[in-house]
**Student:** 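The following block contains the structure, expressed as structure tokens.
Residues: numbered from 1 along the sequence shown. Being a predicted model, the structure only gives us computed values, none of them experimental.
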Amino acid sequence: MTLTMQEISDRIEITDTITRYSYGLDQRIWPEWDRTFTPDAVLDFSAVGMSEHSPAELRAIFTEGDATRIPVGQHLLHNTVIEVDGDRATARSEYTMTTHSRIETEGKARRVQGGGWYSDELIRTDAGWRITRRSANSKWIDVVEVDWAAPIPD
């Protein structure tokens with residue numbers, strides 16, 4: 001399959017958009033995370049124990065207690081498949097994630113590791129490609145208490 005320059009550009013821009021979600025979330029750079037979505041976007045995380053939320057609602061959940069709740073997180077994306085149809089696109093990206101969160105026991109943290117996939121619906125806007133709907137699905141998850149030498153910010 002030979003791609004046109006526009007198709008190549010679209011795929012790069014879509015990859016940048018879906019990567020910005022993880023980058024903004026993990027680094028707590030919320031303006032970057034916000035650039036991922038259309039204003040009316042829906043994030044359906046019901047398959048991973050949450051429900052449907054707007055980006056603003058989900059951001060509020062993620063920042064509740066902010067760095068004290070989940071001071072370290074990493075969501076790596078891979079095996080991304082993108083289908084572009086004019087000004088609309090779909091993408092499926094597998095993820096591997098790890099987070100560490102504060103627990104009551106001094107010198108310990110809760111580590112959550114998991115893997116799954118995001119299914120995204122995107123549209124081309126004047127500002128670039130944006131996610132209009134994202135669903136998260138889990139393949140596996142592992143939750144353990146681990147030693148934590150690094151200080152967890154208050």
Side-chain angles (χ1 to χ4, degrees), residues 10-84 88-123 125 127-154:
D10 288 342
R11 289 172 183 272
I12 291 170
E13 289 179 40
I14 290 167
T15 299
D16 184 60
T17 297
I18 60 180
T19 301
R20 190 178 308 282
Y21 170 91
S22 295
Y23 172 72
L25 173 63
D26 293 340
Q27 305 306 315
R28 299 296 201 243
I29 304 173
W30 298 113
E32 289 296 314
W33 192 76
D34 291 339
R35 287 180 49 202
T36 302
F37 307 106
T38 60
D40 61 347
V42 174
L43 291 91
D44 181 1
F45 284 29
S46 57
V48 294
M50 298 175 78
S51 58
E52 285 190 2
H53 296 282
S54 70
E57 291 168 335
L58 195 58
R59 179 177 167 183
I61 290 167
F62 288 159
T63 57
E64 182 182 336
D66 204 15
T68 61
R69 190 171 71 83
I70 301 179
V72 177
Q74 190 170 42
H75 295 73
L76 304 176
L77 302 177
H78 40 92
N79 297 342
T80 299
V81 177
I82 298 168
E83 298 291 334
V84 179
R88 297 197 164 274
T90 59
R92 178 180 161 139
S93 302
E94 297 208 14
Y95 67 80
T96 306
M97 64 80 133
T98 302
T99 62
H100 288 81
S101 60
R102 177 186 296 279
I103 61 174
E104 295 298 320
T105 308
E106 185 71 29
K108 299 284 186 177
R110 178 174 295 111
R111 180 176 66 210
V112 178
Q113 292 181 295
W117 72 93
Y118 295 121
S119 294
D120 294 317
E121 297 174 18
L122 302 100
I123 62 169
T125 71
W129 286 95
R130 298 294 182 261
I131 296 171
T132 62
R133 183 171 186 85
R134 167 168 275 196
S135 63
N137 298 276
S138 179
K139 288 185 176 182
W140 64 277
I141 193 161
D142 185 39
V143 181
V144 296
E145 189 174 294
V146 297
D147 292 331
W148 185 262
I152 297 177
D154 288 324

**Student:** Sequence neighbours excluded, which residues qualify as side chain to side chain donor-acceptor pair (under 3.5 Å) partners of N137?
**Tutor:** none
**Student:** A41 and P55: which non-hydrogen atoms are nearest, and at how many Å?
**Tutor:** O-CD, 3.3 Å
**Student:** Please confirm whether R92 makes a cation-pi placement over Y118, using NZ or CZ under 6.0 Å from the six-membered ring centre and within 45° of the ring normal.
**Tutor:** no
**Student:** Identify the heavy atoms of T17 and W129 that sit nearest to each other, and give their distance.
**Tutor:** OG1-O, 2.9 Å
**Student:** Which atom pair, heavy atoms only, marks the closest approach of I18 to A91?
**Tutor:** CD1-CB, 4.4 Å
**Student:** Can you sort out the partners of R88 under salt bridge (Lys or Arg N to Asp or Glu O under 4.0 Å), two or more places apart, ordered by chain and number?
**Tutor:** none
**Student:** If you define the side chain from C-beta out and look only at heavy atoms, does anything of I131 sit under 4.5 Å from T38?
**Tutor:** no
**Student:** Looking at CG of D40 and OG of S54, how far apart are the two atoms once the value is rounded to the nearest 0.5 Å?
**Tutor:** 10.5 Å
**Student:** Please output the side-chain donor-acceptor pairs of residues 72-82 that fall under 3.5 Å, not counting sequence neighbours, one pair per line with the distance.
**Tutor:**
unit_1: H75; atom_1: ND1; unit_2: D26; atom_2: OD1; d: 2.6
unit_1: H78; atom_1: NE2; unit_2: T96; atom_2: OG1; d: 2.8
unit_1: T80; atom_1: OG1; unit_2: S93; atom_2: OG; d: 3.0

**Student:** Who passes side chain to side chain donor-acceptor pair (under 3.5 Å) against T105, sequence neighbours left out?
**Tutor:** none
**Student:** Under the criterion side-chain contact (heavy atoms from CB on, under 4.5 Å), I'd like the reasoning laid out for V112 against I141: C-alpha separation, chi angles, the key distance, then a yes or no.
**Tutor:** CA-CA 7 Å; V112 178; I141 193 161; 3.7 Å; yes
**Student:** Can you list the residues that meet the ring-ring contact (aromatic ring centres under 6.0 Å, His included) rule with F45, with sequence neighbours excluded?
**Tutor:** none
**Student:** Holding to side chain to side chain donor-acceptor pair (under 3.5 Å), I want the full list of residues that pass it with S46, two or more places apart in sequence or in another chain.
**Tutor:** D44
**Student:** Considering only NZ, NE, NH1 and NH2 on the basic side and carboxylate oxygens on the acidic side, decide whether R133 and E52 come within less than 4.0 Å.
**Tutor:** yes
**Student:** Do R134 and T36 have side-chain heavy atoms sitting under 4.5 Å apart?
**Tutor:** no
**Student:** Can you name the closest pair of heavy atoms from A136 and A47 and give their distance?
**Tutor:** O-CB, 3.4 Å
**Student:** For R130, what residues pass the salt bridge (Lys or Arg N to Asp or Glu O under 4.0 Å) criterion, not counting sequence neighbours?
**Tutor:** none
**Student:** Is any side-chain heavy atom of L25 less than 4.5 Å from a side-chain heavy atom of E32?
**Tutor:** no
**Student:** Which atom pair, heavy atoms only, marks the closest approach of H53 to E57?
**Tutor:** CA-OE1, 3.3 Å
**Student:** Mind checking what makes ring-ring contact (aromatic ring centres under 6.0 Å, His included) contact with F37, not counting sequence neighbours?
**Tutor:** W33
**Student:** Report yes if some heavy atom in the side chain of I61 is under 4.5 Å from a heavy atom in the side chain of R59; otherwise report no.
**Tutor:** no
**Student:** Measuring only between side-chain heavy atoms, which start at C-beta, is R110 closer than 4.5 Å to E145?
**Tutor:** no
**Student:** If you define the side chain from C-beta out and look only at heavy atoms, does anything of W148 sit under 4.5 Å from R111?
**Tutor:** no
**Student:** Could you list the residues that satisfy side chain to side chain donor-acceptor pair (under 3.5 Å) with E83, not counting sequence neighbours?
**Tutor:** none
**Student:** Quick one: are T15 and T19 in side-chain contact, heavy atoms under 4.5 Å?
**Tutor:** yes
**Student:** Taking side chain to side chain contact (heavy atoms under 4.5 Å, CB included) as the test, write out the residues that go with Q27, two or more places apart.
**Tutor:** Y23, I29
**Student:** List for me each residue that meets ring-ring contact (aromatic ring centres under 6.0 Å, His included) alongside W117, sequence neighbours excluded, and say none if there are none.
**Tutor:** none
**Student:** Any side-chain heavy atom of I14 sitting closer than 4.5 Å to one from V84?
**Tutor:** yes
**Student:** Apply salt bridge (Lys or Arg N to Asp or Glu O under 4.0 Å) to E13 and list each qualifying residue two or more places apart in sequence or on a separate chain.
**Tutor:** none
